[in-house]
Amino acid sequence: MKPVLVVGAGFAGAVHARVLAEAGVSVQVIDQRAHIAGNAFDYVDGNGVRVHAYGPHLFHTKNLRVAAWVKRFSAFVPYVHKVRARLPDGRTAPLPINLDTVNIVFGTRFETAAEVSAHLKAVSLPIPAPANAAEYLYANIGVTLTDLFFRPYTKKMWAMDLEEMAAAVVKRIPLRTGRGDGYFHDDEVQMMPLRGYTKLFEAMLDHPRIAVALETVFAKDMLADYRFCFNSMPIDSYFDFCLGELPYRSLKFHHETEAGVPGQGWSITNFTDAGPFTRETLWHVMPHHLERDVSRHTVTREEPCDYKDNGLERYYPVKTADGRFGRLYGAYRGLAAREAGICFIGRCGTYQYLDMDQVINQSLVSAERWLAGVT
Ligand code: UDP
């Protein structure tokens, strides 16, 4: 029996490979990069600090099955991720917006969630059916908070105004009225792999029926050697962009070494200004990210850009309010439905803005359906 080909050694590919291998199927995984783990790849830098090469990956989920599955491949440690936004006067405030954020921005002294809710209601605009990110935010938190925390950041991140973006993009950030300041406060599982993501992937891919070939670019003529292909490459690229291009935002990472190891209680600071950077990460604040005793730390600042300005590194599918790229993806999906023996997976294969737990869940379901003969 021919093996199955899995294109991409990130979460989508590695989860498919593992599930298939455990069911007795031989799997060949290929990846064009020189490492496994996709965009979750991490390494320990010259400062002895664990750095996530493609930006911070924080594991959080409500899906207990996904949490239990991933824990088979690494010990995890609890980690409540916190983010603060730097205001124009240099102060910082909790994000997502909560009671303290409201007090800091408006100079109020609210003590209860009810007072904050009433305030937000008073400053919100009456927009019954918000049609884009701006309208959604104006209808829920009003102009001041929207224009401070979301407008410049979104412009930097997406090169689009809030009016052009789908509300779903900013709905990723919940709106809170209490004092809770965990970024993923609503998810009961918040944890990090004890020895990093790369080690987690090494364990996931360590199976006698899984072979991994790195620095190997997918080509259609490979398909003849395999009984099926799960493919996480960009779906538009597979079809030679015949219907047009699906855009992505990318990030350039600026790593700096700075003196000391600040005892700051949060790892990510978001910038509310209109400069080029969206946020900075102090890696050592994350658990077990300082591998050695050092007198310096690494800070990474993120500069968003078009993927074509960053070596075709595709990170974020673009979700506009008018749904135009969603429709283009739908057209590619129509082409894919006519191809036998291939299934597109992951962020680039399905053109979705997915978190790690969502990719793992979708991949578990997809591999199990294939094994059950449902394709
Ligand atoms: N966002 C913002 N200001 C912030 C944080 C987020 O305007 O300080 C908006 C922005 O459009 C961003 C989206 O909310 O792309 C989702 O933010 P999230 O933190 O989930 O982005 P990710 O961590 O996936 O890059």
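For ligands, and for the atoms within them, numbers begin at 1 and follow the listed sequence. The analysis underlying the following values was restricted to heavy atoms, covering all of them including side chains, and did not include hydrogens, waters or symmetry mates.
The shortest contact between atom 25 (O) of ligand 1 and any protein heavy atom is with Tyr316 OH, 2.5 Å. Looking at atom 15 (O) of ligand 1, its nearest protein heavy atom turns out to be Trp158 NE1, 2.9 Å. In terms of protein heavy atoms, atom 22 (P) of ligand 1 is closest to Tyr353 OH, 3.4 Å. Here the heavy atom of the protein found nearest to atom 11 (O) of ligand 1 is Thr154 OG1, 2.9 Å. Scanning the protein for heavy atoms near atom 1 (N) of ligand 1, the closest one is Tyr153 CD2, 3.5 Å. Ranking the protein heavy atoms by distance from atom 17 (O) of ligand 1 puts Ile173 CD1, 3.4 Å first.
Relative to atom 13 (C) of ligand 1, the option among Val169, Thr278, Thr272, Ile268 with the closest non-hydrogen atom is Val169. Of the options Val83, Ile97, Asn270, the smallest heavy-atom separation from atom 5 (C) of ligand 1 is shown by Asn270.
A cation-pi contact links Arg33 to Tyr54, judged by a cut-off of 6.0 Å to the six-membered ring centre and 45° from its axis. In this structure, Lys319 is not positioned above the aromatic face of Phe325 in the sense of NZ or CZ being under 6.0 Å from the six-membered ring centre and within 45° of the axis. The side-chain tip of Arg18 does not point at the ring of Phe73 from less than 6.0 angstrom away and within 45° of straight on.
Close approach to Arg172 involves these atoms of ligand 1, each under 4.0 Å from a residue heavy atom: 16 (C), 18 (P), 20 (O), 24 (O). The contact set between ligand 1 and Met157, taken as ligand atoms under 4.0 Å from a residue heavy atom, comprises 15 (O).
Within the 4.0 Å heavy-atom criterion, the part of Tyr183 lying near ligand 1 is the side chain and not the backbone. For Phe149, every heavy-atom contact with ligand 1 shorter than 4.0 Å involves the backbone, none the side chain.
Residue contacts with ligand 1 include Arg279, since one or more of its heavy atoms lies under 4.0 Å from the ligand.
Arg301 has a carboxylate O that lies under 4.0 Å from a charged side-chain N of Glu258, or vice versa, which qualifies the two as a salt bridge. With respect to the salt-bridge test (charged N to carboxylate O, under 4.0 angstrom), the residues Arg50 and Asp45 do not qualify. Ionic pairing of Lys308 and Glu313 is not present here: no N-O contact between side-chain nitrogen and carboxylate oxygen is shorter than 4.0 angstrom.
Val285 belongs to a hydrophobic cluster whose remaining members, ordered by chain and number, are Leu282, Val299; membership requires side-chain heavy atoms of ILVMFWY residues under 4.5 Å apart, directly or through intermediates.
In this structure, CG on Asp31 lies 12.0 Å from CE on Met233, to the nearest 0.5 angstrom.
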Contacts under 3.5 angstrom, residues 211-225 side chains, donor-acceptor by atom type, not counting sequence neighbours:
from: Thr216; atom 1: OG1; to: Leu214; atom 2: O; distance (Å): 2.8
from: Lys220; atom 1: NZ; to: Tyr238; atom 2: O; distance (Å): 2.6

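Ligand 1 has no nitrogen or oxygen under 3.5 angstrom from a nitrogen or oxygen of Leu95.
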